[in-house]
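Remarks on the structure that follows.
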Amino acid sequence: KVDGAPSAALPLGDSDALKPGSPIIMVGNPFGLSSSVTWGVVGGRGRVVAGLSDSPDLIQVDAHLNPGDSGGPVIDPRGEAVGILAGCLGDARDDVAGGGGPHPQGIALAVPINAVKAVLPALREGRETERAWLGMGIQNLTPELRAEFGVPEGRGVLVARIVEGGPAAAAGLREGDVVLSCDGTAVNGPRDLVSFLAGRRPGETAAFSIVRDGKEQEAKVTLGTRAAPGGAPAAERAGLILGQTPRRVAERLGPGGPAGLFVEGIVPGSPAARAGLRRGDVILEVNRRGLAGIDEWDAAAGAAAGRCLVRTQRGFFVIRIDE
């Protein structure tokens, strides 16, 4: 609520009451057009999009939404706020779901208002909201992966990445482990693990049941605190998934193929997405310096004061990393 404003604060509703098909309206600021109103329906519940929000139960919103609508309220027919838009998805030309380009496909995700209510007491008291952190990346198990790791259908998530020095690494977890349960609660997909973490605090210890080399075993993990944005690698903070430029792409860019980094993915709603970068771009320079590898990117972008200038094969873009 804004003090002195003529209208009362928007009441907070119950996001748990929303179901697929529920009618909703949104108010946002698309392309600078303030107080724009649009309407749509709830397209689904329980969506999880890495990098967009830590909420394990994002609301899929199907409506005519655009960049700039993020942060606006999702309102139910009773006029109550039931969510906050977190970002639009998709650019058909990116050839990737959640490309985050400038041509959204009418799908957005919102944080449920009940998740917001959970942190309001801490915010009112001026306290920071700390989230439990494992320090590992996970992925769904496809039928092929299940056969490879010997995990039955409907169980587990695969550990795809371990952060050096993180809680999972300290507990001895490895890439290729399959997490079956946490403190006795079954983990049948990424959402289950995210939901488990949402209810835990840093410093607590959790018992993980895992499968390694076809055998079940337990690992005790002392949960850590998620690093502040400035502590994460520059590419992660920018919302970029980077790799070395494939030879076939480099050859198309000119004689000899210029050195650069290939954008393998863009996190929806991230600074890179808002800047207009796309999957398939090749970053040739950062802050007017050429790139030969990931280390050069981290050094140049990490030294930037919240923003960096990148040049790709399509031109120049400014990424505001710490937004």
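Every value quoted in this text rests on a predicted model; they were computed, and no experiment measured them. The figures here come from the full heavy-atom set of this structure, side chains too, leaving out hydrogens, waters and symmetry mates. Residue numbers count from 1 along this sequence.
For the pair Ile138/Leu158, no side-chain contact is recorded, criterion being any heavy-atom separation below 4.5 Å from C-beta on. At a threshold of 4.5 Å between non-hydrogen side-chain atoms, the residues Ile241 and Val263 do not count as touching. Residues Ile25 and Thr38 form no side-chain contact, since every pair of their non-hydrogen atoms from C-beta on lies 4.5 Å or further apart. Considering only heavy atoms from C-beta on, Leu242 stays 4.5 Å or farther from Phe262 through its side chain. In this structure, the side chains of Val159 and Phe208 stay at 4.5 Å or more apart for every pair of heavy atoms. Side chains of Val61 and Ile107 form no contact here, defined as non-hydrogen atoms less than 4.5 Å apart. Residues Glu216 and Ile210 have side chains not in contact (no heavy-atom distance under 4.5 Å, counting atoms from C-beta outward). Counting heavy atoms from C-beta outward, Val221 and Thr205 have side chains that stay 4.5 Å or more apart.
Not a single donor-acceptor pair under 3.5 Å links the side chain of Glu80 to the backbone N or O of Leu12. Between the side chain of Arg146 and the backbone N or O of Arg155 there is at least one donor-acceptor pair closer than 3.5 Å. Judged by distance alone, with hydrogens and angles left aside, the side-chain atoms of Lys117 form a donor-acceptor pair with the main-chain N or O of Gly13 at under 3.5 Å. Of the possible donor and acceptor atoms, none in the side chain of Arg320 sits under 3.5 Å from a partner among the backbone N and O of Pro271. The backbone N or O of Leu277 sits nowhere less than 3.5 Å from a side-chain atom of Asp281 that would complete a donor-acceptor pair. Between the side chain of Arg279 and the main chain of Ile266, no donor-acceptor pair closer than 3.5 Å is present.
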Take Phe149 and Leu145, measure what side-chain contact (heavy atoms from CB on, under 4.5 Å) needs, and give me the verdict at the end.
CA-CA 6 Å; Phe149 289 95; Leu145 288 173; 3.9 Å; yes
Output, in order, the C-alpha distance, side-chain angles, deciding distance and verdict of side-chain contact (heavy atoms from CB on, under 4.5 Å) for Leu18 and Ile59.
CA-CA 9 Å; Leu18 293 177; Ile59 303 167; 3.8 Å; yes
Could you go step by step and tell me if Asp14 and Asn114 meet the side-chain contact (heavy atoms from CB on, under 4.5 Å) rule?
CA-CA 6 Å; Asp14 179 12; Asn114 288 0; 2.9 Å; yes
side-chain contact (heavy atoms from CB on, under 4.5 Å) between Ile283 and Leu240: does it pass, once the steps are laid out?
CA-CA 11 Å; Ile283 299 179; Leu240 292 167; 4.0 Å; yes
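Considering all non-hydrogen atoms of both residues, Asn140 and Gly189 come closest at OD1-CA, 4.3 Å. In plain terms, the two heavy atoms of Gln313 and Leu284 that are nearest each other are N-CD1, 4.1 Å. What you find for Gly40 and Ala63 is that their closest heavy atoms are CA-CB, 3.9 Å. Scanning all heavy atoms of the two residues, the minimum distance from Ser15 to Pro112 falls at OG-CB, 3.4 Å. Minimum heavy-atom separation, Pro20 to Gly44: CG-CA, 4.2 Å. Residues Pro77 and Pro23 approach most closely at CD-O, 3.5 Å, considering heavy atoms.
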Considering only distance and modelled atom types, tabulate donor-acceptor pairs under 3.5 Å from the side chains of residues 167-186, sequence neighbours left out.
residue	atom	partner	partner atom	Å
Glu175	OE2	Ile162	N	3.0
Asp177	OD1	Arg212	NE	2.8
Asp177	OD2	Arg174	N	2.8
Asp177	OD2	Arg212	NH2	2.8
Asp183	OD1	Ala207	N	2.8
Asp183	OD2	Arg200	NH1	2.5

Sequence neighbours left out, cut at 3.5 Å: what donor-acceptor pairs do the side chains of residues 26-37 make with other protein atoms?
residue	atom	partner	partner atom	Å
Asn29	OD1	Ser34	N	3.1
Ser36	OG	Leu33	O	2.7

Output side-chain donor-acceptor pairs under 3.5 Å for residues 81-88, partner residues at least two apart or in another chain, one line each.
none

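Hydrophobic clustering, with ILVMFWY side chains joined whenever heavy atoms are under 4.5 angstrom apart, groups Leu58 together with Val116. Residues Leu141 and Val187 are members of separate hydrophobic clusters, defined by side-chain heavy-atom contacts under 4.5 angstrom among Ile, Leu, Val, Met, Phe, Trp and Tyr. Under a hydrophobic clustering in which Ile, Leu, Val, Met, Phe, Trp and Tyr are joined whenever their side-chain heavy atoms come within less than 4.5 Å, directly or via other members, Leu120 and Ile113 fall into the same cluster. Linking ILVMFWY residues whenever their side-chain heavy atoms come closer than 4.5 Å, directly or via other members, places Val157 and Leu223 in the same cluster.
Here the straight-line distance linking atom CZ of Arg311 with atom CZ of Phe317 works out to 11.5 Å at 0.5 Å rounding.
Around the CD atom of Glu148, the shell of radius 6.0 Å holds no more than 12 heavy atoms that belong to other residues, nucleotides or ligands.
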